[in-house]
Amino acid sequence: MITTLEKVKEGLPAVVKQVHGGHKVRQRLGGLGIHVDDTLKVLRTAFLGGPVLIEIHGTEVGSVTAWLRKSKWK
Amino acid sequence: MRIALVDNELREKCSLQQRGWIQDHCLNFPGTTVDYVTSPVNLNGDSFTLVDLPGIYSVSTSEREEILARRYLIRERPDLVINILDASVLSRSLELTLELLELKIPLVICLNMIDEAAKKGVEIDVGHLSQDLGVPVIPTIAIRGQGVPELFHSALETAKSGNKGKIHYLSLDVERIVSELADLLGVATATRLGVPQRFLAIRLLEEDEEFEQAVREINPGIMSDLQRLRSMLSECHGRPSDMVVSSERHSLAMNLFEHVAKVKPQSAKPFREQIDKYLMHHYLGYAFLAGVLFFFFWIVFSLGKHIEEPILALFEHFAAYVGVHLSKESLLFTVVNGLFQGFSGGIGIVLPI
């Protein structure tokens with residue numbers, strides 16, 4: 001099932017399938033260690049639409065920015 | 001001699017500052033001045049200047065502070081770069097190292113927070129890593145000063161020998177396109193921009209705006225070839241050329257990590273994670289936040305009422321003393337009295353009864 005990051009349940013692993021955004025967004029995500037086909041785990045989401053905390057390659061990355069929430073994950 | 005410190009997270013360099021190796025360090029937080037900081041160092045008679053650059057995640061960037069760090073590395077060409085890696089997240093940190101190796105500047109790796117890596121169950125074969133990268137790798141726990149003198153001794157030796165490490169090549173099909181573009185660019189264009197040909201070719205395939213603009217001005221005829229090669233790469237891999245190069249580098253870093261490190265599964269969750277489970281809970285987190293705010297207000301109000309009165313009495317005593325010794329019509333009295341009233345008013349607000 002392909003969905004957006006904010007809909008992935010806490011504690012579940014997910015694979016990055018698609019990044020919605022231009023060159024700069026891809027560049028920034030790459031810098032944070034997030035690439036297409038990488039596996040990550042959603043650690044925390046906030047019910048009022050706050051930050052999404054993910055774990056990828058042993059690092060925790062938190063973000064409130066729209067592009068990370070709207071990217072597609074499997 | 002100038003030695004530049006490059007890392008991709010602030011906390012790694014902070015520990016060097018705490019140990020007094022750098023006088024000050026630059027911050028990447030929003031609103032802070034984006035600049036680099038220099039500190040003179042004398043180590044057993046060897047003098048050099050440490051240049052602390054803003055933290056960077058990648059050499060291909062559009063962020064202001066990261067561009068400043070990159071410009072320093074390219075235009076100022078330090079004698080050596082110390083790449084400070086967080087050993088606990090080595091796979092991610094290695095991507096920047098691979099980019100720095102492409103720049104062909106003498107390099108030393110500071111493998112910091114090696115104790116944190118051990119706590120996370122990550123065992124790193126330092127010798128193997130050094131062999132794979134072709135540069136000295138010094139494990140450190142900078143916050144305790146462990147390994148830091150060895151790091152700078154190694155840095156001075158490497159700067160003298162000029163060891164620039166090994167280049168790690170991408171997949172064959174990607175590398176062919178990189179080589180073709182590097183040949184088209186020629187030595188002259190790369191030399192004029194102060195970077196190696198391969199480095200420039202990779203930056204252009206990664207759609208780096210600054211380099212693209214510079215190459216367009218020097219050699220506008222190459223832009224059609226650049227577009228052709230980008231499209232070729234994109235069609236072969238089914239994703240934009242910048243993503244292809246970035247994924248290739250990521251894959252190289254992961255392979256390197258798997259070659260030099262072993263990760264032992266952890267039996268129990270770390271204490272911080274156990275606490276986070278409750279403090280950052282979906283709903284309970286807000287209750288904890290309210291609790292913490294309430295606690296701080298309670299501290300301010302309950303302790304404040306005991307502290308405020310004696311402090312205000314002290315200020316009144318001083319104000320009376322000044323009133324006796326200074327003429328009430330003098331400028332000095334107005335200034336001093338104003339200061340006392342200002343301070344006591346401030347305390348009255350901060351420590352309310």
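Throughout, a chain's letter reflects where its sequence line sits, starting with A, and its residues are numbered from 1. Scope of the values below: all heavy atoms of this structure, side chains included, with no hydrogens, waters or symmetry mates.
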#### Entry: B:F288 CZ: over 12 foreign heavy atoms closer than 6.0 Å
yes

### Task
Would you mind telling me which of A:Q27, A:K24, A:E60 has the largest number of heavy-atom pairs within less than 4.5 Å of chain B?
A:Q27

### Which atom of A:H57 lies closest to which atom of B:S91, heavy atoms considered
CB-OG, 3.8 Å

### Closest heavy-atom pair and its distance - A:D37, B:R239
OD2-NH2, 3.4 Å

Non-hydrogen atoms of chain A under 4.5 Å away: do they reach the side chain of [X], the backbone, both or neither?
{"X": "B:K120", "result": "side chain"}
{"X": "B:E206", "result": "backbone"}
{"X": "B:E95", "result": "side chain"}

### Query
Do any of residues 245-255 of chain B have a heavy atom less than 4.5 Å from a heavy atom of chain A, and if so, which, in residue order?
B:S246, B:S247, B:H250, B:M254

